[in-house]
There are 2 protein chains.
Amino acid sequence: MAASLQENNPLETDVEAIEHVMLQLGWATHRQLHQELAEFNLTVSQFAAMRALQGFDEGSTMSELAEAARQISATMTGIVDRLVESEIVTRQRDPGDRRTLRVSLTEKGVGLLEKVKEKKRVQLRQFLEGISPTERKIFVRVIGKYLDVVYG
Amino acid sequence: MAASLQENNPLETDVEAIEHVMLQLGWATHRQLHQELAEFNLTVSQFAAMRALQGFDEGSTMSELAEAARQISATMTGIVDRLVESEIVTRQRDPGDRRTLRVSLTEKGVGLLEKVKEKKRVQLRQFLEGISPTERKIFVRVIGKYLDVVYG
DNA sequence: TATTGTTATACTCTATAACTATA
DNA sequence: TATAGTTATAGAGTATAACAATA
């Protein structure tokens with residue numbers, strides 16, 4: 001029955017194929033990144049926070065940062081504690097509203113982030129060289145749509 | 001300078017675009033899954049272990065399971081402890097070699113895994129309906145190549 | 001002695017609830 | 001009173017190193 005459903009419904013065949021490949025991708029990506037970041041004494045959550053901070057030129061508040069990195073603020077407090085300890089970010093009171101904190105990447109943080117990203121780019125170049133320009137364009141567009149639908 | 005490099009080198013432009021989108025995808029996927037699994041009282045690592053167990057009809061040893069789920073065995077011991085506690089898997093001595101353990105999904109475990117996967121399929125169908133069959137085929141093939149290159 | 005797996009330890013992440021300081 | 005953020009607490013994941021049981 002499942003077989004005949006699939007024969008008559010190519011969408012459903014693709015759903016199963018993509019379900020498997022996306023779950024595989026998600027976990028493999030996470031574990032791989034976890035191990036690569038260990039060489040830099042970083043965790044995946046810390047790296048996500050560092051990436052999120054790139055988007056804020058004037059420094060981010062704790063709440064903005066938590067939202068951008070998909071965490072709650074209590075969790076982000078601990079993550080930033082350790083990034084401050086490692087001198088990767090600074091956390092300073094906003095003079096205008098002393099309840100608010102401004103978190104910014106230090107020079108060291110910016111450099112470290114760039115180093116990690118360059119390492120990832122090496123893998124990506126190898127991957128992209130194996131697919132055609134058309135496939136590349138479609139891939140980027142389709143991943144964008146995936147993000148919209150699943151996390152939009 | 002970076003701009004002129006990119007103008008003359010479409011590959012490098014794609015590297016930057018895909019670097020961003022893949023890191024975004026990796027973290028968003030992880031956090032989303034973490035939150036969705038909480039409703040089932042599961043963690044992402046437990047779910048990865050459950051998925052890995054599907055591939056073993058006769059039950060998996062701890063070392064096989066650890067490798068399939070990309071963990072070391074000491075970590076897997078703790079994960080399986082909690083899956084046994086929740087009656088999602090069983091862990092039994094192999095009579096032929098009493099050093100070895102055989103881990104298998106219970107009926108409850110199989111059912112729970114199917115429930116989670118069906119929930120993910122609902123999102124996937126919505127996504128796939130928004131892209132053409134050609135794009136789907138390319139997407140599956142390209143993701144497969146990505147997995148080969150990056151985690152090969 | 002070699003292999004299979006667990007235990008001990010230390011640290012990080014995570015969510016919830018209660019709390020402090022400032023507005 | 002409302003807002004921004006931290007602290008306290010409890011549980012889970014992770015790697016390393018030392019250990020026990022079996023072959």
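Keep in mind it's a predicted model, so treat the numbers as computed, not measured. Per chain, numbering begins at 1; letters A, B, ... match sequence-line order.
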| said: Nearest whole Å is fine: how far is C:dC13 P from A:Leu33 CG? | reply: 13 Å
| message | Quick check on the helix from C:dT1-D:dA23 to C:dA23-D:dT1: what's the angle between its two end axes, five base pairs per end, to the nearest 10°? | response | 20°
| field | Protein-nucleotide distance (B:Met62, atom CE; C:dT3, atom P), rounded to Å | value | 19 Å
| said: I'd like to know if the side chain of B:Thr106 reaches the main chain of B:Ile88, judged simply by a donor and an acceptor atom lying under 3.5 Å from each other, with no hydrogens or angles considered. | reply: yes
| said: Could you tell me how far apart A:Met76 (CE) and C:dT16 (P) are, to the nearest whole angstrom? | reply: 16 Å
| field | Test item: B:Lys120 and A:Met22 side chains (from C-beta on) under 4.5 Å apart, heavy atoms | value | no
| query | Is any side-chain N or O of A:Arg98 under 3.5 Å from a base N or O of C:dT22, one able to act as donor and the other as acceptor? | reply | no
| Sidechain-backbone polar pair: B:Glu114 side chain, B:Gly111 backbone, donor-acceptor under 3.5 Å | no
| field | Residue B:Arg91, side-chain heavy atoms: nucleotide from C:dA2, C:dT6, C:dG5 that is nearest | value | C:dT6
| said: Using a 4.0 Å heavy-atom cut-off to protein, can you give one letter per nucleotide of nucleotides 7-15 of chain D, 5' to 3': B if the base is in contact, S if only the sugar-phosphate is, - if neither? | reply: B----SSSB
| message | Closer than 4.0 angstrom, basic N to acidic O: yes or no for A:Arg99 and A:Asp94? | response | no
| field | Residue pair A:Glu118, A:Arg121: steps toward the salt bridge (charged side-chain N to carboxylate O under 4.0 Å, His left out) verdict | value | CA-CA 5 Å; A:Glu118 181 51 35; A:Arg121 281 185 207 121; 2.9 Å; yes
| Are the side chain of A:Arg102 and the backbone of A:Gln92 linked by a donor-acceptor contact shorter than 3.5 Å? | no
| request: Write down the distance between CZ (B:Arg93) and P (C:dG5), rounded to a whole number of angstrom. | output: 8 Å
| query | What is the ring orientation for B:His30 with A:Trp27, classed by angle as parallel under 30°, tilted 30 to 60°, or perpendicular over 60°? | reply | parallel
| task | Taking A:Ser86 for its side chain and A:Arg82 for its backbone only, find out whether a donor-acceptor pair lies under 3.5 Å. | result | yes
